[in-house]
Amino acid sequence: MASKNRLDKIVSLSKARGFIFQSSEIYGGLSAVYDYGPLGVELKRKINKAWWTAMTRKHDNIVGLDSAILMHPKVWKASGHVDSFSDPMIDDKQSKMRYRADILIEEHISKLREKGNEEHADHIQSLLDSAGTRSSMNEDLYAIIMEEQIKSPDSGAFDWTDVRQFNLMFKTQFGATASGEESEVYIRPETAQGIFVNFTNALNTTRQQVPFGIAQIGKAFRNEVVARQFVFRMREFEQMEMQYFVKPGTDSEQYQRWKEERIAWHKSLGIRPSKLRFHDHPEDKLAHYAKEAVDIQYEFPIGWQEVEGIHNRTDFDLGAHQEHSGKKMEYFDPSSQERYIPYVVETSIGLDRCLLMVLCDAFQEEEVPGDKEGTTETRTVLKLHPKLAPVTAGVFPLMKKPELKELAEKIKVDLSDEFDVQYDEKGSIGKRYRRQDEAGTPFCLTVDFDSLEDQKVTIRDRDTMKQERVEISKIDPYLRAKIKTWSPEEGQ
RNA sequence: GCGGGUGUAACUCAAUUGGUAGAGUGUCAGCCUUCCAAGCUGAAUGUUGCGGGUUCGAGUCCCGUCGCCCGCUCCA
(Lines give C-alpha, C1' and ligand atoms only; values in the text may rest on other atoms or scores of the structure.)
Protein backbone atom coordinates (compact mmCIF):
# COMPACT_ATOMS: atom_id res chain seq x y z
CA MET A 1 0.00 0.00 0.00
CA ALA A 2 2.81 2.32 0.94
CA SER A 3 4.49 1.55 -2.35
CA LYS A 4 1.41 2.26 -4.42
CA ASN A 5 1.12 5.50 -2.58
CA ARG A 6 4.71 6.20 -3.52
CA LEU A 7 4.00 5.88 -7.23
CA ASP A 8 0.98 8.16 -6.80
CA LYS A 9 3.21 10.75 -5.21
CA ILE A 10 5.67 10.50 -8.05
CA VAL A 11 2.84 10.91 -10.55
CA SER A 12 1.56 13.97 -8.67
CA LEU A 13 5.00 15.52 -8.43
CA SER A 14 5.59 14.85 -12.13
CA LYS A 15 2.51 16.80 -12.99
CA ALA A 16 2.88 19.56 -10.42
CA ARG A 17 6.50 20.30 -11.30
CA GLY A 18 6.21 19.79 -15.03
CA PHE A 19 7.89 16.47 -15.72
CA ILE A 20 5.06 14.48 -17.26
CA PHE A 21 1.50 15.33 -18.31
CA GLN A 22 -1.18 13.12 -19.72
CA SER A 23 -1.71 13.62 -23.43
CA SER A 24 -4.67 15.76 -24.53
CA GLU A 25 -5.61 16.40 -20.95
CA ILE A 26 -8.05 19.22 -21.72
CA TYR A 27 -10.12 16.78 -23.78
CA GLY A 28 -10.21 14.19 -21.03
CA GLY A 29 -6.91 12.54 -21.81
CA LEU A 30 -5.79 9.83 -24.20
CA SER A 31 -5.20 6.49 -22.57
CA ALA A 32 -1.59 5.48 -22.07
CA VAL A 33 -0.11 8.41 -23.97
CA TYR A 34 1.92 11.02 -22.14
CA ASP A 35 3.67 14.30 -22.82
CA TYR A 36 6.91 15.48 -21.27
CA GLY A 37 6.85 18.92 -19.70
CA PRO A 38 9.63 21.49 -19.31
CA LEU A 39 11.57 19.51 -16.70
CA GLY A 40 10.70 16.12 -18.17
CA VAL A 41 12.04 16.92 -21.60
CA GLU A 42 15.39 17.94 -20.13
CA LEU A 43 15.62 14.78 -18.05
CA LYS A 44 14.65 12.64 -21.02
CA ARG A 45 17.21 14.30 -23.25
CA LYS A 46 19.95 13.76 -20.73
CA ILE A 47 19.15 10.08 -20.37
CA ASN A 48 18.98 9.81 -24.13
CA LYS A 49 22.38 11.49 -24.42
CA ALA A 50 23.93 9.34 -21.70
CA TRP A 51 22.90 6.21 -23.61
CA TRP A 52 24.02 7.53 -26.99
CA THR A 53 27.39 8.56 -25.58
CA ALA A 54 27.91 5.24 -23.83
CA MET A 55 26.99 3.32 -26.98
CA THR A 56 28.40 5.23 -29.93
CA ARG A 57 31.05 7.62 -28.68
CA LYS A 58 32.60 5.09 -26.35
CA HIS A 59 32.61 2.20 -28.82
CA ASP A 60 34.53 2.64 -32.04
CA ASN A 61 32.64 -0.28 -33.53
CA ILE A 62 29.11 0.97 -32.86
CA VAL A 63 27.54 3.38 -35.33
CA GLY A 64 24.32 5.35 -35.11
CA LEU A 65 21.18 5.25 -37.24
CA ASP A 66 17.85 7.02 -37.42
CA SER A 67 15.44 5.00 -39.52
CA ALA A 68 11.89 5.97 -40.44
CA ILE A 69 8.84 5.04 -38.43
CA LEU A 70 6.99 3.95 -41.60
CA MET A 71 8.44 0.93 -43.34
CA HIS A 72 7.50 -1.40 -46.16
CA PRO A 73 4.72 -3.75 -45.01
CA LYS A 74 6.84 -6.77 -45.92
CA VAL A 75 9.28 -5.83 -43.18
CA TRP A 76 6.68 -6.82 -40.60
CA LYS A 77 5.80 -9.96 -42.46
CA ALA A 78 9.45 -10.99 -42.44
CA SER A 79 9.96 -10.05 -38.81
CA GLY A 80 7.05 -12.20 -37.70
CA HIS A 81 5.05 -9.30 -36.31
CA VAL A 82 2.13 -9.65 -38.69
CA ASP A 83 1.63 -13.26 -37.71
CA SER A 84 2.47 -13.27 -34.05
CA PHE A 85 2.06 -9.75 -32.79
CA SER A 86 -1.62 -10.36 -32.29
CA ASP A 87 -3.53 -12.82 -30.23
CA PRO A 88 -6.92 -14.47 -30.65
CA MET A 89 -8.80 -13.96 -27.39
CA ILE A 90 -12.03 -15.40 -26.05
CA ASP A 91 -13.96 -14.56 -22.90
CA ASP A 92 -15.88 -16.78 -20.54
CA LYS A 93 -19.13 -14.83 -20.20
CA GLN A 94 -19.85 -16.29 -16.79
CA SER A 95 -16.56 -15.87 -14.97
CA LYS A 96 -15.49 -12.88 -17.11
CA MET A 97 -12.09 -14.47 -17.48
CA ARG A 98 -10.21 -14.02 -20.73
CA TYR A 99 -8.24 -16.72 -22.47
CA ARG A 100 -6.17 -17.09 -25.56
CA ALA A 101 -8.27 -19.22 -27.86
CA ASP A 102 -5.34 -21.10 -29.37
CA ILE A 103 -3.95 -21.96 -25.95
CA LEU A 104 -7.32 -23.28 -24.80
CA ILE A 105 -7.31 -25.61 -27.77
CA GLU A 106 -3.74 -26.69 -27.15
CA GLU A 107 -4.61 -27.55 -23.57
CA HIS A 108 -7.59 -29.47 -24.82
CA ILE A 109 -5.32 -31.43 -27.15
CA SER A 110 -2.88 -32.35 -24.42
CA LYS A 111 -5.76 -33.55 -22.26
CA LEU A 112 -6.90 -35.77 -25.10
CA ARG A 113 -3.40 -37.19 -25.36
CA GLU A 114 -3.30 -37.87 -21.62
CA LYS A 115 -6.46 -39.88 -22.03
CA GLY A 116 -4.93 -41.76 -24.92
CA ASN A 117 -7.09 -40.28 -27.65
CA GLU A 118 -4.10 -39.75 -29.89
CA GLU A 119 -6.00 -39.96 -33.13
CA HIS A 120 -8.56 -37.38 -32.12
CA ALA A 121 -5.81 -35.15 -30.72
CA ASP A 122 -3.93 -35.25 -34.00
CA HIS A 123 -7.09 -34.30 -35.82
CA ILE A 124 -7.70 -31.24 -33.63
CA GLN A 125 -4.04 -30.31 -33.88
CA SER A 126 -4.26 -30.28 -37.67
CA LEU A 127 -7.40 -28.15 -37.49
CA LEU A 128 -5.57 -25.76 -35.20
CA ASP A 129 -2.55 -25.66 -37.50
CA SER A 130 -4.68 -24.92 -40.54
CA ALA A 131 -6.65 -22.19 -38.75
CA GLY A 132 -3.72 -20.04 -39.77
CA THR A 133 -4.83 -17.49 -42.34
CA ARG A 134 -5.61 -14.46 -40.33
CA SER A 135 -8.90 -13.44 -41.89
CA SER A 136 -10.69 -16.61 -40.93
CA MET A 137 -8.60 -17.64 -37.95
CA ASN A 138 -11.02 -16.32 -35.37
CA GLU A 139 -13.94 -18.19 -36.89
CA ASP A 140 -11.86 -21.35 -37.26
CA LEU A 141 -10.74 -21.30 -33.65
CA TYR A 142 -14.27 -20.55 -32.49
CA ALA A 143 -15.55 -23.48 -34.52
CA ILE A 144 -13.06 -25.85 -32.90
CA ILE A 145 -14.01 -24.68 -29.42
CA MET A 146 -17.70 -25.13 -30.22
CA GLU A 147 -17.20 -28.49 -31.89
CA GLU A 148 -15.09 -29.86 -29.05
CA GLN A 149 -17.25 -28.18 -26.40
CA ILE A 150 -14.16 -26.92 -24.63
CA LYS A 151 -15.12 -25.62 -21.22
CA SER A 152 -13.72 -22.70 -19.32
CA PRO A 153 -10.84 -23.84 -17.08
CA ASP A 154 -11.94 -21.72 -14.14
CA SER A 155 -15.75 -21.86 -14.13
CA GLY A 156 -16.27 -25.04 -16.09
CA ALA A 157 -18.88 -23.14 -18.07
CA PHE A 158 -19.40 -23.47 -21.80
CA ASP A 159 -20.52 -19.93 -22.44
CA TRP A 160 -18.07 -18.11 -24.70
CA THR A 161 -17.94 -14.82 -26.52
CA ASP A 162 -16.70 -14.78 -30.10
CA VAL A 163 -12.99 -15.09 -30.70
CA ARG A 164 -11.55 -11.63 -31.25
CA GLN A 165 -8.21 -10.53 -32.54
CA PHE A 166 -6.08 -8.11 -30.60
CA ASN A 167 -3.52 -6.82 -33.01
CA LEU A 168 -0.88 -4.76 -31.33
CA MET A 169 0.34 -2.90 -34.41
CA PHE A 170 -1.13 0.45 -35.41
CA LYS A 171 -2.06 0.81 -39.06
CA THR A 172 -2.41 3.82 -41.26
CA GLN A 173 -3.09 4.65 -44.90
CA PHE A 174 -0.13 5.25 -47.14
CA GLY A 175 -0.64 7.87 -49.85
CA ALA A 176 -3.24 10.61 -50.00
CA THR A 177 -5.72 8.89 -52.29
CA ALA A 178 -4.96 5.39 -51.22
CA SER A 179 -7.56 3.12 -49.80
CA GLY A 180 -7.99 -0.55 -49.16
CA GLU A 181 -5.68 -3.17 -47.77
CA GLU A 182 -3.06 -2.66 -50.48
CA SER A 183 -2.13 0.77 -49.21
CA GLU A 184 -2.06 -0.05 -45.51
CA VAL A 185 1.19 0.39 -43.68
CA TYR A 186 2.08 -0.31 -40.10
CA ILE A 187 3.49 2.18 -37.66
CA ARG A 188 6.55 0.43 -36.30
CA PRO A 189 6.06 -1.54 -33.08
CA GLU A 190 9.82 -1.65 -32.50
CA THR A 191 12.87 0.12 -33.81
CA ALA A 192 14.97 -3.00 -34.30
CA GLN A 193 13.74 -3.78 -37.81
CA GLY A 194 14.93 -0.39 -39.04
CA ILE A 195 18.40 -1.50 -38.04
CA PHE A 196 18.18 -4.92 -39.69
CA VAL A 197 17.00 -3.57 -43.03
CA ASN A 198 19.90 -1.11 -42.99
CA PHE A 199 22.47 -3.73 -42.05
CA THR A 200 24.17 -3.82 -45.44
CA ASN A 201 23.94 -0.04 -45.84
CA ALA A 202 25.82 0.47 -42.61
CA LEU A 203 28.28 -2.26 -43.43
CA ASN A 204 29.06 -0.79 -46.85
CA THR A 205 29.50 2.80 -45.72
CA THR A 206 31.38 2.58 -42.44
CA ARG A 207 34.24 0.11 -43.05
CA GLN A 208 33.08 -1.77 -39.96
CA GLN A 209 33.91 -5.40 -39.52
CA VAL A 210 32.06 -7.98 -37.47
CA PRO A 211 31.69 -7.66 -34.56
CA PHE A 212 30.07 -4.27 -34.83
CA GLY A 213 26.88 -2.62 -33.69
CA ILE A 214 24.19 -0.20 -34.87
CA ALA A 215 22.48 1.99 -32.30
CA GLN A 216 19.20 3.79 -32.67
CA ILE A 217 16.85 5.85 -30.53
CA GLY A 218 13.29 6.35 -31.69
CA LYS A 219 9.58 6.09 -31.16
CA ALA A 220 7.66 2.85 -31.40
CA PHE A 221 3.92 2.24 -31.13
CA ARG A 222 1.95 -0.63 -29.69
CA ASN A 223 -1.79 -0.83 -29.41
CA GLU A 224 -1.65 -2.57 -26.04
CA VAL A 225 -4.77 -4.34 -24.84
CA VAL A 226 -4.07 -2.98 -21.40
CA ALA A 227 -1.69 -0.10 -20.97
CA ARG A 228 -1.50 1.28 -17.49
CA GLN A 229 0.81 2.28 -14.70
CA PHE A 230 1.82 5.71 -15.84
CA VAL A 231 4.66 5.85 -18.35
CA PHE A 232 5.64 2.27 -17.60
CA ARG A 233 3.52 0.88 -20.42
CA MET A 234 2.56 3.38 -23.09
CA ARG A 235 1.04 3.09 -26.53
CA GLU A 236 3.59 5.52 -27.93
CA PHE A 237 7.01 5.10 -26.42
CA GLU A 238 10.67 5.54 -27.14
CA GLN A 239 13.22 2.78 -27.48
CA MET A 240 16.98 2.89 -27.33
CA GLU A 241 18.22 -0.17 -29.16
CA MET A 242 21.55 -1.51 -30.21
CA GLN A 243 21.96 -4.53 -32.44
CA TYR A 244 25.39 -6.09 -32.23
CA PHE A 245 26.38 -8.25 -35.17
CA VAL A 246 28.69 -11.10 -34.27
CA LYS A 247 30.21 -14.20 -35.75
CA PRO A 248 28.03 -17.28 -35.14
CA GLY A 249 29.53 -19.23 -32.28
CA THR A 250 30.67 -16.12 -30.46
CA ASP A 251 27.10 -15.05 -29.77
CA SER A 252 26.75 -16.48 -26.27
CA GLU A 253 30.00 -14.94 -25.17
CA GLN A 254 28.94 -11.55 -26.57
CA TYR A 255 25.55 -11.93 -24.96
CA GLN A 256 27.22 -12.38 -21.57
CA ARG A 257 29.47 -9.43 -22.18
CA TRP A 258 26.56 -7.12 -23.03
CA LYS A 259 24.63 -8.23 -19.97
CA GLU A 260 27.44 -6.97 -17.78
CA GLU A 261 28.05 -3.85 -19.79
CA ARG A 262 24.38 -2.84 -19.73
CA ILE A 263 23.81 -3.28 -16.03
CA ALA A 264 26.94 -1.22 -15.42
CA TRP A 265 25.36 1.55 -17.49
CA HIS A 266 22.26 1.57 -15.29
CA LYS A 267 24.49 1.95 -12.26
CA SER A 268 26.28 4.82 -13.98
CA LEU A 269 22.95 6.70 -14.00
CA GLY A 270 23.10 6.66 -10.24
CA ILE A 271 20.55 3.89 -9.80
CA ARG A 272 21.10 2.09 -6.51
CA PRO A 273 22.61 -1.34 -7.31
CA SER A 274 20.38 -3.07 -4.75
CA LYS A 275 17.35 -2.10 -6.86
CA LEU A 276 18.69 -3.71 -10.04
CA ARG A 277 18.76 -7.34 -10.99
CA PHE A 278 18.83 -9.74 -13.93
CA HIS A 279 15.85 -11.86 -14.73
CA ASP A 280 16.54 -14.69 -17.14
CA HIS A 281 13.76 -15.82 -19.42
CA PRO A 282 13.13 -19.52 -19.02
CA GLU A 283 13.69 -21.42 -22.26
CA ASP A 284 10.03 -22.23 -22.83
CA LYS A 285 9.04 -18.58 -22.58
CA LEU A 286 11.49 -17.24 -25.12
CA ALA A 287 10.22 -15.09 -27.96
CA HIS A 288 10.19 -16.69 -31.38
CA TYR A 289 13.48 -15.15 -32.45
CA ALA A 290 15.52 -15.58 -29.29
CA LYS A 291 17.99 -18.20 -28.20
CA GLU A 292 18.78 -16.50 -24.91
CA ALA A 293 17.04 -13.60 -23.24
CA VAL A 294 17.41 -11.68 -20.02
CA ASP A 295 15.71 -8.64 -18.56
CA ILE A 296 17.37 -6.01 -16.47
CA GLN A 297 14.76 -5.30 -13.85
CA TYR A 298 14.32 -2.43 -11.46
CA GLU A 299 12.34 -2.59 -8.25
CA PHE A 300 9.62 -0.05 -9.00
CA PRO A 301 7.00 0.84 -6.39
CA ILE A 302 4.80 -1.60 -8.34
CA GLY A 303 7.39 -4.36 -7.99
CA TRP A 304 10.28 -5.74 -10.01
CA GLN A 305 9.73 -4.84 -13.65
CA GLU A 306 11.66 -4.96 -16.89
CA VAL A 307 13.52 -1.85 -17.96
CA GLU A 308 15.83 -3.37 -20.55
CA GLY A 309 15.94 -6.59 -22.50
CA ILE A 310 19.06 -8.29 -23.82
CA HIS A 311 18.48 -10.96 -26.41
CA ASN A 312 20.52 -13.36 -28.44
CA ARG A 313 18.46 -13.12 -31.63
CA THR A 314 20.67 -15.48 -33.63
CA ASP A 315 20.42 -14.99 -37.40
CA PHE A 316 16.63 -15.00 -37.24
CA ASP A 317 16.12 -11.40 -38.37
CA LEU A 318 18.79 -11.08 -41.03
CA GLY A 319 17.91 -14.54 -42.26
CA ALA A 320 14.23 -13.68 -42.51
CA HIS A 321 14.94 -10.44 -44.38
CA GLN A 322 17.28 -12.25 -46.75
CA GLU A 323 14.55 -14.78 -47.48
CA HIS A 324 11.72 -12.27 -47.88
CA SER A 325 13.61 -9.58 -49.77
CA GLY A 326 15.83 -11.85 -51.82
CA LYS A 327 18.78 -9.62 -50.93
CA LYS A 328 21.93 -11.08 -49.44
CA MET A 329 22.39 -10.26 -45.77
CA GLU A 330 25.71 -12.02 -45.55
CA TYR A 331 29.02 -10.82 -44.28
CA PHE A 332 32.35 -11.80 -45.75
CA ASP A 333 34.93 -12.26 -43.04
CA PRO A 334 38.28 -11.19 -44.55
CA SER A 335 40.45 -12.91 -41.97
CA SER A 336 38.86 -16.34 -42.08
CA GLN A 337 37.65 -16.02 -45.69
CA GLU A 338 34.21 -17.16 -44.55
CA ARG A 339 30.81 -15.95 -45.61
CA TYR A 340 27.97 -16.01 -43.10
CA ILE A 341 24.85 -14.30 -41.81
CA PRO A 342 25.93 -12.70 -38.54
CA TYR A 343 24.21 -13.49 -35.27
CA VAL A 344 22.69 -10.59 -33.41
CA VAL A 345 22.90 -9.68 -29.76
CA GLU A 346 20.32 -7.02 -29.01
CA THR A 347 20.13 -4.57 -26.14
CA SER A 348 16.77 -2.83 -26.02
CA ILE A 349 15.73 -0.35 -23.41
CA GLY A 350 12.58 1.73 -23.01
CA LEU A 351 13.58 5.36 -22.60
CA ASP A 352 10.34 6.25 -20.83
CA ARG A 353 10.68 3.31 -18.48
CA CYS A 354 14.24 4.27 -17.83
CA LEU A 355 13.13 7.79 -16.99
CA LEU A 356 10.49 6.42 -14.64
CA MET A 357 13.16 4.28 -13.00
CA VAL A 358 15.38 7.34 -12.56
CA LEU A 359 12.50 9.29 -11.00
CA CYS A 360 11.49 6.44 -8.70
CA ASP A 361 15.03 5.88 -7.57
CA ALA A 362 15.57 9.58 -6.89
CA PHE A 363 12.29 10.34 -5.14
CA GLN A 364 12.61 10.75 -1.39
CA GLU A 365 10.66 12.28 1.42
CA GLU A 366 12.85 13.26 4.33
CA GLU A 367 12.04 14.47 7.79
CA VAL A 368 14.01 17.61 8.43
CA PRO A 369 14.04 19.97 11.44
CA GLY A 370 11.05 22.25 11.24
CA ASP A 371 10.49 25.90 11.72
CA LYS A 372 10.05 25.66 15.45
CA GLU A 373 12.31 23.99 17.95
CA GLY A 374 11.71 20.24 18.19
CA THR A 375 9.35 20.00 15.20
CA THR A 376 9.99 18.27 11.91
CA GLU A 377 8.61 18.72 8.44
CA THR A 378 8.75 16.71 5.25
CA ARG A 379 11.16 17.62 2.52
CA THR A 380 10.39 16.18 -0.92
CA VAL A 381 13.56 15.81 -2.91
CA LEU A 382 14.63 14.15 -6.13
CA LYS A 383 18.15 12.89 -5.63
CA LEU A 384 18.88 12.64 -9.32
CA HIS A 385 22.37 12.06 -10.59
CA PRO A 386 23.67 15.61 -11.19
CA LYS A 387 24.48 14.76 -14.79
CA LEU A 388 20.79 13.94 -15.39
CA ALA A 389 19.18 16.73 -13.37
CA PRO A 390 17.08 19.01 -15.60
CA VAL A 391 18.53 22.02 -13.81
CA THR A 392 22.14 21.65 -12.71
CA ALA A 393 22.26 24.74 -10.57
CA GLY A 394 19.96 27.41 -9.26
CA VAL A 395 21.37 30.90 -8.83
CA PHE A 396 19.74 33.17 -6.27
CA PRO A 397 20.30 36.60 -4.84
CA LEU A 398 19.84 36.25 -1.10
CA MET A 399 17.41 39.16 -1.27
CA LYS A 400 15.80 41.15 -4.01
CA LYS A 401 18.40 43.92 -3.87
CA PRO A 402 19.66 45.40 -7.15
CA GLU A 403 23.36 44.83 -6.41
CA LEU A 404 22.78 41.18 -5.48
CA LYS A 405 20.51 40.59 -8.47
CA GLU A 406 23.10 42.03 -10.81
CA LEU A 407 25.87 39.73 -9.65
CA ALA A 408 23.59 36.69 -9.51
CA GLU A 409 22.35 37.29 -13.04
CA LYS A 410 25.91 37.66 -14.29
CA ILE A 411 26.89 34.34 -12.70
CA LYS A 412 23.84 32.73 -14.24
CA VAL A 413 24.74 33.95 -17.71
CA ASP A 414 28.37 32.91 -17.37
CA LEU A 415 27.50 29.39 -16.27
CA SER A 416 24.84 28.91 -18.94
CA ASP A 417 27.38 28.05 -21.60
CA GLU A 418 28.29 24.88 -19.76
CA PHE A 419 25.39 24.06 -17.47
CA ASP A 420 21.61 24.22 -17.22
CA VAL A 421 21.20 27.05 -14.79
CA GLN A 422 18.05 28.67 -13.46
CA TYR A 423 17.79 32.10 -11.88
CA ASP A 424 15.22 32.60 -9.11
CA GLU A 425 14.53 35.52 -6.79
CA LYS A 426 10.95 34.74 -5.79
CA GLY A 427 10.12 34.01 -2.16
CA SER A 428 12.36 33.32 0.78
CA ILE A 429 15.69 31.62 0.28
CA GLY A 430 14.50 28.49 2.05
CA LYS A 431 11.51 28.23 -0.21
CA ARG A 432 13.69 28.50 -3.29
CA TYR A 433 15.87 25.68 -1.98
CA ARG A 434 12.84 23.45 -1.55
CA ARG A 435 11.50 24.28 -4.98
CA GLN A 436 14.77 23.18 -6.48
CA ASP A 437 14.77 20.05 -4.30
CA GLU A 438 11.52 18.95 -5.96
CA ALA A 439 13.01 19.57 -9.38
CA GLY A 440 16.09 17.56 -8.45
CA THR A 441 18.50 20.46 -8.82
CA PRO A 442 21.73 19.33 -7.14
CA PHE A 443 23.30 22.74 -6.47
CA CYS A 444 22.04 26.15 -5.42
CA LEU A 445 24.34 29.16 -5.54
CA THR A 446 23.40 32.10 -3.37
CA VAL A 447 24.81 35.57 -3.75
CA ASP A 448 24.84 37.58 -0.51
CA PHE A 449 26.30 40.92 0.54
CA ASP A 450 29.65 39.32 1.40
CA SER A 451 29.83 38.07 -2.19
CA LEU A 452 30.22 41.65 -3.36
CA GLU A 453 33.33 41.94 -1.24
CA ASP A 454 35.00 38.52 -1.34
CA GLN A 455 33.75 37.32 -4.75
CA LYS A 456 32.47 34.07 -3.26
CA VAL A 457 29.04 32.44 -3.27
CA THR A 458 27.40 29.94 -0.97
CA ILE A 459 26.84 26.60 -2.69
CA ARG A 460 24.14 24.53 -1.05
CA ASP A 461 24.14 20.78 -1.66
CA ARG A 462 20.76 19.19 -2.40
CA ASP A 463 21.49 15.86 -0.76
CA THR A 464 23.19 16.94 2.45
CA MET A 465 21.74 20.49 2.65
CA LYS A 466 25.25 21.55 3.64
CA GLN A 467 26.72 24.83 2.48
CA GLU A 468 30.14 25.82 1.25
CA ARG A 469 31.72 29.10 0.23
CA VAL A 470 33.28 28.92 -3.21
CA GLU A 471 35.07 31.57 -5.24
CA ILE A 472 33.01 32.70 -8.20
CA SER A 473 35.88 31.99 -10.58
CA LYS A 474 36.04 28.38 -9.33
CA ILE A 475 32.34 27.50 -9.59
CA ASP A 476 32.79 25.81 -12.93
CA PRO A 477 35.47 23.30 -11.84
CA TYR A 478 33.70 22.85 -8.52
CA LEU A 479 30.47 21.76 -10.23
CA ARG A 480 32.34 19.53 -12.68
CA ALA A 481 34.13 17.71 -9.89
CA LYS A 482 30.91 17.24 -7.93
CA ILE A 483 29.04 15.89 -10.95
CA LYS A 484 31.82 13.44 -11.69
CA THR A 485 32.16 12.02 -8.20
CA TRP A 486 28.48 11.83 -7.24
CA SER A 487 27.12 8.49 -6.10
CA PRO A 488 23.73 7.48 -4.71
CA GLU A 489 23.14 6.70 -1.05
CA GLU A 490 22.04 3.14 -0.44
CA GLY A 491 19.58 2.56 2.34
CA GLN A 492 15.92 3.41 1.94
C1' G B 1 -12.13 -5.63 -24.15
C1' C B 2 -14.89 -7.63 -19.40
C1' G B 3 -16.07 -6.90 -13.94
C1' G B 4 -15.64 -3.62 -9.63
C1' G B 5 -14.33 1.30 -7.91
C1' U B 6 -13.66 6.42 -9.10
C1' G B 7 -13.53 11.71 -11.37
C1' U B 8 -14.82 18.88 -7.48
C1' A B 9 -9.18 24.98 -8.52
C1' A B 10 -2.32 23.66 -10.70
C1' C B 11 -1.90 19.88 -6.12
C1' U B 12 -4.40 17.37 -1.63
C1' C B 13 -9.24 17.29 -0.24
C1' A B 14 -14.38 19.54 1.90
C1' A B 15 -19.64 20.47 0.63
C1' U B 16 -26.18 17.90 5.75
C1' U B 17 -31.80 13.67 3.65
C1' G B 18 -30.75 16.82 -3.97
C1' G B 19 -31.12 23.78 -2.09
C1' U B 20 -27.03 28.47 -5.82
C1' A B 21 -19.12 25.16 -4.68
C1' G B 22 -15.14 26.03 -0.09
C1' A B 23 -10.22 25.14 2.69
C1' G B 24 -5.03 24.28 2.89
C1' U B 25 -0.88 24.15 -0.30
C1' G B 26 0.80 26.30 -4.72
C1' U B 27 0.82 30.67 -8.18
C1' C B 28 0.99 36.20 -8.88
C1' A B 29 1.69 41.49 -6.89
C1' G B 30 3.40 44.51 -2.75
C1' C B 31 5.71 45.14 2.18
C1' C B 32 9.22 42.93 5.38
C1' U B 33 13.48 39.75 5.53
C1' U B 34 21.48 38.33 5.84
C1' C B 35 20.67 31.11 4.19
C1' C B 36 16.31 25.87 4.47
C1' A B 37 8.49 25.68 2.63
C1' A B 38 8.79 32.57 8.14
C1' G B 39 5.23 36.85 8.61
C1' C B 40 1.65 40.65 6.87
C1' U B 41 -1.61 42.76 2.85
C1' G B 42 -3.99 41.94 -1.64
C1' A B 43 -5.22 39.11 -6.30
C1' A B 44 -6.32 35.38 -10.01
C1' U B 45 -8.27 30.40 -11.00
C1' G B 46 -13.75 26.01 -11.44
C1' U B 47 -19.72 25.70 -17.13
C1' U B 48 -17.94 19.99 -10.34
C1' G B 49 -14.29 15.05 -16.79
C1' C B 50 -17.82 15.44 -21.02
C1' G B 51 -23.03 14.81 -23.04
C1' G B 52 -27.98 13.79 -22.09
C1' G B 53 -32.17 12.79 -18.56
C1' U B 54 -35.31 13.15 -13.89
C1' U B 55 -36.57 17.60 -10.77
C1' C B 56 -39.11 23.96 -9.05
C1' G B 57 -33.80 23.00 -8.16
C1' A B 58 -28.31 18.13 -9.58
C1' G B 59 -21.33 18.14 -7.40
C1' U B 60 -25.09 14.91 -5.01
C1' C B 61 -30.11 10.58 -8.43
C1' C B 62 -30.39 7.90 -13.59
C1' C B 63 -28.26 6.78 -18.63
C1' G B 64 -24.31 7.23 -22.07
C1' U B 65 -19.27 8.49 -22.98
C1' C B 66 -14.07 9.54 -21.75
C1' G B 67 -10.03 9.25 -18.25
C1' C B 68 -7.89 7.05 -13.86
C1' C B 69 -7.33 2.86 -10.05
C1' C B 70 -7.85 -2.63 -8.86
C1' G B 71 -8.65 -7.61 -10.93
C1' C B 72 -8.75 -10.69 -15.46
C1' U B 73 -5.91 -10.75 -20.02
C1' C B 74 -1.50 -9.42 -22.65
C1' C B 75 3.54 -7.97 -22.80
C1' A B 76 9.03 -9.05 -29.20
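Note that the structure is predicted; figures quoted are calculated from it, not measured. Values below: every heavy atom of this structure, side chains too, minus hydrogens, waters and symmetry copies. Residue numbers start from 1 in every chain, and the chains themselves are labelled A, B, ... in the order their sequence lines are given, proteins ahead of strands.
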Table of protein N/O atoms under 3.5 Å from nucleotides 30-35 of chain B N/O atoms:
from, atom 1, to, atom 2, distance (Å)
rC35(B), O2, Y433(A), OH, 2.4
rC35(B), O2, Q467(A), NE2, 2.8
rC35(B), N4, D448(A), OD2, 3.0
rC35(B), N4, T458(A), OG1, 2.8

Sequence neighbours excluded, which residues qualify as side chain to side chain contact (heavy atoms under 4.5 Å, CB included) partners of [X]?
X       : answer
P248(A) : Y340(A), Y343(A)
N198(A) : L65(A), S67(A), N201(A)
W304(A) : R277(A), Q297(A), E299(A)
E238(A) : K44(A), N48(A), I217(A), K219(A), L351(A), D352(A)

Side-chain donor or acceptor of R432(A) under 3.5 Å from a matching atom on the base of rC36(B)? no
Intra- and interstrand pairs of RNA chain B - dot-bracket, Watson-Crick/G-U under 3.5 Å, | marks other strand: (((((((..((((.....[..)))).(((((.......))))).....(((((..]....))))))))))))....
Ignoring hydrogens and angles, write down the donor-acceptor pairs under 3.5 Å from the side chains of residues 395-407 of chain A, residues two or more places apart or on other chains.
none

Whole Å only: how far is the [atom1] atom of [X] from the [atom2] atom of [N]?
X       : N       : atom1 : atom2 : value
K426(A) : rA37(B) : NZ    : C1'   : 17 Å
I20(A)  : rA10(B) : CD1   : P     : 19 Å
R17(A)  : rU27(B) : CZ    : P     : 7 Å
F21(A)  : rA10(B) : CZ    : C1'   : 10 Å

OP1 or OP2 of [N] sitting under 4.0 Å from any side-chain N/O of [X]?
X       : N       : result
R435(A) : rU27(B) : yes
K431(A) : rU27(B) : yes
Q22(A)  : rG67(B) : no

Taking the ring centre of each residue, are F230(A) and Y34(A) less than 6.0 Å apart? yes
When you check the side-chain N and O atoms of S252(A) and E292(A), is any donor under 3.5 Å from an acceptor? yes
Just to verify, what does D414(A) make a side-chain hydrogen bond (donor to acceptor under 3.5 Å, both in side chains) with, not counting sequence neighbours? K410(A)
Under the rule for side-chain hydrogen bond (donor to acceptor under 3.5 Å, both in side chains), what residues qualify as partners of T378(A), not counting sequence neighbours? E367(A)
Contact nearer the 5' end of RNA chain B, comparing Q239(A) with T464(A): T464(A)
Could you say whether V33(A) or R434(A) is positioned toward the 5' end of RNA chain B, judged by the nucleotide with the nearest heavy atom to each? R434(A)
Can you list the residues that meet the salt bridge (Lys or Arg N to Asp or Glu O under 4.0 Å) rule with E468(A), with sequence neighbours excluded? none
Residues passing the salt bridge (Lys or Arg N to Asp or Glu O under 4.0 Å) test with R379(A), sequence neighbours excluded, are E366(A), D437(A)
Touch check for T378(A), heavy atoms < 4.0 angstrom, all strands: base, sugar-phosphate only, or nothing? base
What nucleic acid atoms does E438(A) come within less than 4.0 Å of, heavy atoms only: base, sugar-phosphate, or nothing? base
For nucleotides 11-14 of chain B, give me every protein contact, N/O to N/O, under 3.5 Å, one pair per line with atom names.
from, atom 1, to, atom 2, distance (Å)
rC11(B), OP1, K15(A), NZ, 2.2
rU12(B), OP1, S12(A), OG, 3.2

